[in-house]
There are 2 protein chains.
Amino acid sequence: MKKKPTIRDVAARAGVSIATVSKFINSTQRFTSAVERKVQAAIDELQYHSNPLARSMITGKTGAVGVVILDIGNPHFTNVVKGANRVALEHGYNLLFVDTDENQSREEELLDALSRRVDGLIVSTRMPEEQLDRLLASGKPVVLSGRVAPKGVPSIGIDAHAAAYMIGELLVKQGHRKIAYLGFAPARPDTERYRGLSESLAEHGLEVTRYEVGGPTIVEGERICSAVLLSKDKPDAIVCYNDMVAIGFMGGAKALGVSIPEDISIVGIDNIPFGRFTSPALTTVDVQSERLGEEGMRLLLRQIAGDAPPVTGHVAIEPRLVMRDSTRIRPPAAVAAPAKVKGRAR
Amino acid sequence: MKKKPTIRDVAARAGVSIATVSKFINSTQRFTSAVERKVQAAIDELQYHSNPLARSMITGKTGAVGVVILDIGNPHFTNVVKGANRVALEHGYNLLFVDTDENQSREEELLDALSRRVDGLIVSTRMPEEQLDRLLASGKPVVLSGRVAPKGVPSIGIDAHAAAYMIGELLVKQGHRKIAYLGFAPARPDTERYRGLSESLAEHGLEVTRYEVGGPTIVEGERICSAVLLSKDKPDAIVCYNDMVAIGFMGGAKALGVSIPEDISIVGIDNIPFGRFTSPALTTVDVQSERLGEEGMRLLLRQIAGDAPPVTGHVAIEPRLVMRDSTRIRPPAAVAAPAKVKGRAR
DNA sequence: GTGAAAGCGCTAACAC
DNA sequence: GTGTTAGCGCTTTCAC
């Protein structure tokens, strides 16, 4: 609990002025080697570390960047963080992150608190635009993640429409006809995912049945399972808002004795690492989570540096279909098809 | 990019002194309602937010606590964070966390940077003790997580010995005799886990074969799989350093055509949420990750408050066995048992 | 090369 | 009740 030494202590011990010490620490200037030695010695002996708060106050820079995530329990986000962390460190920045999931109510406050401690942030939030505006007006560089930003704010995300569209195409090609979407409306990307899927199906004269989960989580996917599987018009394929929902749903299905993909195909979005280890392995769309974080951080860092022309558009990362075992080609001679079904090729 | 208003701007606009504004913001004092109204109006019009850095510099408090984790990609740690976050928020603290995984080398620097921005931290690290000492000497309250702290530093973790011991008992009871441990020596809890398992087996006259994974991760579990399964003395049960390794191992086993638990039993430690959804569902030991975070944060907050007598010991959380489907009773008439095997009851 | 002095934005005595 | 003032620990002109 000893008091931390200040720059003054170092100066006194080294017999120089505090200005000299300051310049030495920041390598702003060189001194005679005698002086440098003395200062360095004093620093070592005192175990002096400069106080970043004081420095920040005056320079206006903190050397840290922040990432605000919705739910750190979702591996998609942790991978985004991993990616962001890597490039932040490469550029000499420390990454601080906060998880807003636990209390949406205090989100703005949390964000505000964080924004004052960093040089810029990557924000992933469901906040309405007008609240967002206040954050943006704060003058800190911000990159929005997972949603398209208003006005001239850079943002990054996957092409959610394309992701869902390719899922639609896959399922139709595999012979599925009754396709359901397990959506989570409050999430920003939900709309685009739903649209992408709908449009794909519409082009084949099909419609999507929408179900609403209570959150983009495993438990919610599990919870909604019975409602979907026991409905009188059971779908033959399910596309989930994300992998978490899909995994939960698969767990629920197993408990209900429904087998995947024999009875029903299921596909997620995100490509979280665990999708490979479910039973069956989850077919999904890779959104390149880590790259998302990396590119987002690059965007942010570029803004902070201010040298390059500020990027203001939306960067869309291309999704990629990941075929695994939770979907399969639906046998042409379908199950409980009652009357004459118009020819289903292949 | 407009300049942020300062307390002086507010004071000027409201026609009062900056001291008044300061006291008003912090509700340190009440004023005549006329004054309060004016000040509030000025704050609103200017969209003033006080600068926490400046405040921190003088009060010495930041209103934030930090958590340092080894790998945010491991759901065990994300759950610890969740728990810690919850109680931090309940107590009016913001939680910042950093992931040191990406560069162990800069860990100390990262830690130092973080420690200056928070009122205390929960640290989970593999740092040797002498490095740790320097951190502890910094005067910030610290709680060590996942290892027993030296001297009078509070620490928290599961009873790793007990966790591994109960796994040993289970496996022996189930009739397994050739038990292997997939350890990760650099991790602090590894030693205790290995010891717990060894002791349990020793009491039954058995020995544990130790393998070393390259990291406590899925990929490493997957990677080591063939070496273990294709060894000439294939074990009949594997206990893994943690669930991540176990999940990876199971994936590898599946690829090799080895079926679990028929051919080999496998058990993890941590009880990460995904363990329920692997195939088969993973038998593991619940370490109560969230509670670990919660209790750790309580310990920390108590230290920061300084009112209660400082806790200095090690808090051990009791582990609980979670039986699922990756282990099973081994048939008495064992597989390739060559000669007469002494009666194995049930 | 080196140091003195003026703050960064704010809080905390202490006066009035 | 309200204002004055002295810093928190540091950086940064600007003289010497």
Side-chain angles (χ1 to χ4, degrees), chain A residues 2-40 42-43 46-64 112-113 115-119 138-140, chain B residues 2-40 42-43 46-64 112-113 115-119 138-140:
Chain A
K2 63 178 87 143
K3 295 214 66 63
K4 310 215 75 165
T6 78
I7 196 172
R8 240 176 290 271
D9 299 327
V10 176
R13 202 177 215 299
V16 298
S17 80
I18 67 171
T20 300
V21 178
S22 171
K23 287 168 195 154
F24 176 75
I25 306 171
N26 300 308
S27 349
T28 331
Q29 205 183 100
R30 306 276 338 198
F31 300 86
T32 56
S33 60
V35 170
E36 299 201 339
R37 238 193 325 276
K38 278 193 303 181
V39 174
Q40 185 60 57
I43 289 176
L46 263 35
Q47 291 235 46
Y48 170 76
H49 286 255
S50 80
N51 184 333
L53 259 56
R55 176 199 267 103
S56 297
M57 254 194 50
I58 186 142
T59 61
K61 312 221 136 288
T62 67
D112 193 65
S115 78
R116 297 291 194 134
R117 299 175 211 272
V118 297
D119 296 337
S138 80
K140 292 277 183 180
Chain B
K2 60 180 88 144
K3 294 214 66 60
K4 311 217 73 166
T6 78
I7 198 172
R8 244 177 288 272
D9 299 326
V10 176
R13 203 180 214 298
V16 298
S17 80
I18 68 169
T20 301
V21 178
S22 171
K23 288 169 195 154
F24 176 76
I25 309 171
N26 299 308
S27 351
T28 337
Q29 204 183 101
R30 306 272 342 195
F31 299 88
T32 56
S33 59
V35 171
E36 299 202 338
R37 237 192 326 275
K38 277 192 304 182
V39 175
Q40 185 59 58
I43 289 175
L46 262 36
Q47 290 234 48
Y48 170 75
H49 287 254
S50 81
N51 184 332
L53 260 55
R55 175 195 270 108
S56 297
M57 253 195 48
I58 187 145
T59 61
K61 312 222 134 284
T62 66
D112 192 67
S115 79
R116 296 293 193 133
R117 298 175 212 273
V118 297
D119 297 336
S138 80
K140 292 277 185 180

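Naming: A, B, ... by sequence-line order, numbering from 1 per chain. Note that the structure is predicted; figures quoted are calculated from it, not measured.
Phosphate proximity of D:dT11 to A:N26: present, with a side-chain N or O under 4.0 Å from OP1 or OP2. Contact between the side-chain N/O atoms of B:R55 and the OP1/OP2 oxygens of C:dT11 is found at a separation under 4.0 Å.
The closest side-chain heavy-atom distance from B:V16 to B:F31 is not below 4.5 Å. Put simply, the side chain of B:T20 does not reach to within 4.5 Å of the side chain of B:K38, judged on heavy atoms. Within the 4.5 Å cutoff, the side chain of B:K140 has no heavy atoms near those of the B:R116 side chain. Side-chain contact between B:K4 and B:N51: absent, with no pair of heavy atoms (C-beta onward) separated by less than 4.5 Å. Counting heavy atoms from C-beta outward, B:K61 and B:D119 have side chains that approach closer than 4.5 Å.
Residue order along DNA chain C, read from the 5' end via each residue's closest nucleotide, puts A:F31 first among A:F31 and A:A54.
As judged by a 4.0 angstrom heavy-atom cut-off over every strand, A:S50 is placed among residues touching the sugar-phosphate backbone only. Among the atoms of the strands shown, base atoms are found under 4.0 Å from some heavy atom of A:S22. Residue contacts shown for A:Y48 are limited to sugar-phosphate atoms, with no base heavy atom under 4.0 Å away.
Distance from the side chain of B:Q29 is smallest to D:dT2 among C:dA12, C:dG9, D:dT2. Ranking C:dT2, D:dT2, C:dT11 by closeness to the B:I7 side chain, first place goes to C:dT11. The B:I58 side chain lies nearest to C:dC10 when the options are D:dT13, C:dG7, C:dC10. Closest to the side chain of A:T20, from the set C:dG3, D:dC10, C:dC10, is C:dG3. Nearest to the side-chain atoms of A:T59 among the listed nucleotides D:dT12, D:dG7, C:dG3 stands D:dT12. When distances run from any side-chain atom of A:I18 to the nucleotides D:dG3, C:dG9, D:dC10, the shortest one goes to D:dC10. Closest to the side chain of B:S17, from the set D:dG3, C:dT2, C:dT11, is D:dG3. If you check D:dG7, C:dG9, D:dG1 against the side chain of B:N51, the one that comes closest is C:dG9. Which of D:dT11, D:dT2, D:dG9 sits closest to the side chain of A:M57 comes down to D:dG9. The side chain of B:T32 approaches D:dG1 more closely than any other nucleotide in the set D:dG1, C:dA13, D:dC10.
One atom, NZ of B:K4, and another, P of C:dC10, lie 10 Å apart when rounded to the nearest Å. Atoms CZ (B:R37) and P (D:dT2) sit 12 Å apart, rounded to a whole Å. The distance between atom NZ of B:K38 and atom P of D:dG1, rounded to the nearest whole Å, is 15 Å. Computed from coordinates, the A:R117 CZ to C:dC8 C1' distance equals 17 Å when rounded to whole Å. Rounded to whole angstrom, the span from the NZ atom of B:K61 across to the C1' atom of D:dC8 amounts to 15 Å. Rounded to an integer number of Å, the gap from B:L53 CG to D:dT11 C1' is 14 Å. Summarising the geometry, the separation between CZ on B:R8 and P on C:dC10 is reported as 8 Å, rounded to the nearest angstrom.
If you check distances only, the side chain of A:K23 never reaches the base of C:dG1 with a donor-acceptor pair under 3.5 Å.
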(request) May I have the step-by-step check of side-chain contact (heavy atoms from CB on, under 4.5 Å) for A:I43 and A:F24, ending in yes or no? (result) CA-CA 11 Å; A:I43 289 176; A:F24 176 75; 4.1 Å; yes
